Trainee: 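Can you read through this structure? Questions will come right after.
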Amino acid sequence: MNGRFWARYAWTGALESGVLIDVAAGRIVSLQAGSAPGDAVVLDGLVIPGLANAHSHAFHRALRGATQLGGGTFWTWRETMYRVAASLTPDQYLELARAVYAEMALAGITCVGEFHYLHHAPGGVAYDDPNAMGEALIEAAAQAGIRITLLDACYLSSGFGAPPDETQLRFSDGSGEAWAERVSGLKEREHARLGAAVHSVRAVPADQLGVVGAWAAQRHAPIHAHVSEQPAENEGCLAAYGVTPTRLLADHGLLGPRTTAVHATHLTPQDIALLGDSATTVCMCPTTERDLADGIGPALEVQAAGSPLSLGSDSQAVIDLFEEARAMELNERLRTRRRGHWTADALLRAATADGHASLGWPEAGTLKVGALADLVTVSLDSVRTASLGSVRTAGLDSVRTAGPPHGLETAVFAATSADVSDVVAGGRVIVRRGVHQLVPDVAGALRQALARLAT
Ligand SMILES: [Zn+2]
């Protein structure tokens with residue numbers, strides 16, 4: 001896709017005004033601050049790079065609201081989630097994921113890391129195309145105009161040697177080798193890349209971990225794993241293997257710069273050192289972690305130890321990367337009773353460049369020449385974001401003045417996904433003035449998809 005865009009303000013690492021962005025073949029070929037718009041498409045607000053949702057389970061969107069009745073824990077929530085998982089067909093999955101990814105696009109997300117484990121028909125019977133469910137997700141992303149990294153998850157056990165239960169049969173390939181054989185049938189496309197996932201050390205026996213690691217290593221593909229979201233997982237792992245989940249992954253060669261540990265909520269100091277020393281990314285999902293009463297993970301400590309941070313909407317309790325980003329900082333404030341652990345820049349880097357890198361798209365997530373042209377416009381004059389610095393001045397003189405003094409802080413700490421007005425993915429306009437250009441009625445699409453699940 002080719003095109004020319006003009007950003008009233010843009011975050012290029014610094015905040016700049018009047019930035020003309022030329023795009024050829026989906027990539028940024030020039031960036032010129034202090035320019036007039038001319039005939040460019042005007043992006044009237046603060047333009048940031050496309051957001052990367054580094055951890056998603058699309059079908060969990062069906063649980064929104066429904067799981068807020070009553071109390072319980074992660075484990076009781078999971079029972080409700082399994083009831084939804086038990087009924088989905090490939091057609092329903094495509095329809096639901098298309099609507100969910102369109103919701104993500106409206107929120108400024110241009111790439112999703114879909115941690116996918118719902119592989120087979122009920123009872124564990126393979127579909128005619130054994131990757132029918134994964135293909136539905138890849139197609140859904142294409143129809144919503146965003147990129148996807150399909151993180152195909154190996155899931156073999158209901159916990160430390162126990163066989164899969166009735167619902168979990170849909171997740172299981174029976175062995176690591178069978179998982180690898182099935183996943184090898186998937187093909188990458190322009191908008192879709194592949195990665196591996198270890199659902200968790202509960203779900204993949206230690207003697208199968210190496211198979212998943214080898215598949216990813218051979219392809220230089222990302223590998224993601226849920227790690228220590230719950231103390232019960234740590235206890236089970238210690239009882240079964242005598243080590244923590246992080247140590248178990250390390251001992252099987254699964255940590256490293258291509259690896260992302262999701263949640264990493266309940267870690268020992270040794271776990272933190274293992275993750276940091278290996279430059280394993282840690283994906284925080286604060287809105288899910290607080291929703292499920294998981295606890296607050298040691299994001300500051302793992303980053304100080306050497307781990308990049310990424311962010312994910314995970315259970316889709318909400319889909320709002322601004323909320324994920326500030327929640328990470330605000331959780332730390334509550335925990336430490338101190339403010340200012342991360343700057344707005346640093347939080348946004350987790351939501352953009354570092355998230356994309358963790359999904360195997362290192363060429364995305366920045367506004368610089370050569371990067372994929374993913375441009376997200378955040379309105380700075382909505383009821384949430386209007387501030388002193390966002391007052392517009394008439395005429396072109398305004399483009400030569402500095403940007404709003406706290407535009408980035410306002411975006412990260414006060415904007416919501418509803419403040420995203422325009423989204424460009426790979427040079428293609430997929431959201432214009434709040435309207436999705438490929439799925440015009442996203443709320444309607446969600447309602448329809450969810451209604452089909454209920455029947
Ligand atoms: Zn998850």
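The shown structure was predicted, so the numbers you read here are calculated from the model rather than taken from an experiment. All ligand and atom numbering here is 1-based and tracks the order in the structure. When a residue number appears, it is its place in the shown sequence, counting from 1. Basis for what follows: all heavy atoms, side chains included, without hydrogens, waters or symmetry-related copies.
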Trainee: Would one find an N, O or S atom of His226, in either backbone or side chain, under 2.8 Å from the Zn ion (ligand 1)?
Mentor: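 For His226, the answer is yes, given that an N, O or S atom comes within less than 2.8 Å of the Zn ion (ligand 1).
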Trainee: Where does the angle between the aromatic ring planes of Phe115 and His226 fall among parallel (under 30°), tilted (30 to 60°) and perpendicular (over 60°)?
Mentor: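 Phe115 vs His226 ring planes: tilted.
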Trainee: Testing the 3.5 Å rule here: is there a donor-acceptor pair between the side chains of Asp419 and Ser382?
Mentor: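 Yes, because at least one side-chain N or O of Asp419 sits under 3.5 Å from a partner of the opposite role on Ser382.
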Trainee: In plain terms, say whether Glu135 and Lys187 are close enough for a salt bridge, that is, a side-chain N and a carboxylate O under 4.0 Å apart.
Mentor: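 No, Glu135 and Lys187 are not salt-bridged.
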Trainee: Is the Zn ion (ligand 1) less than 2.8 Å from at least one N/O/S atom of His57?
Mentor: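 An N, O or S atom of His57 is closer than 2.8 Å to the Zn ion (ligand 1), so yes.
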Trainee: Among the N/O/S atoms of Asp314, select the one at the shortest distance from the Zn ion (ligand 1) and name it.
Mentor: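 Checking each N, O and S atom of Asp314, the shortest distance to the Zn ion (ligand 1) belongs to OD1.
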Trainee: For Ser228 and Asn234, test the side chains for any donor-to-acceptor distance below 3.5 angstrom and give the result as yes or no.
Mentor: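 Result is yes, a qualifying pair exists.
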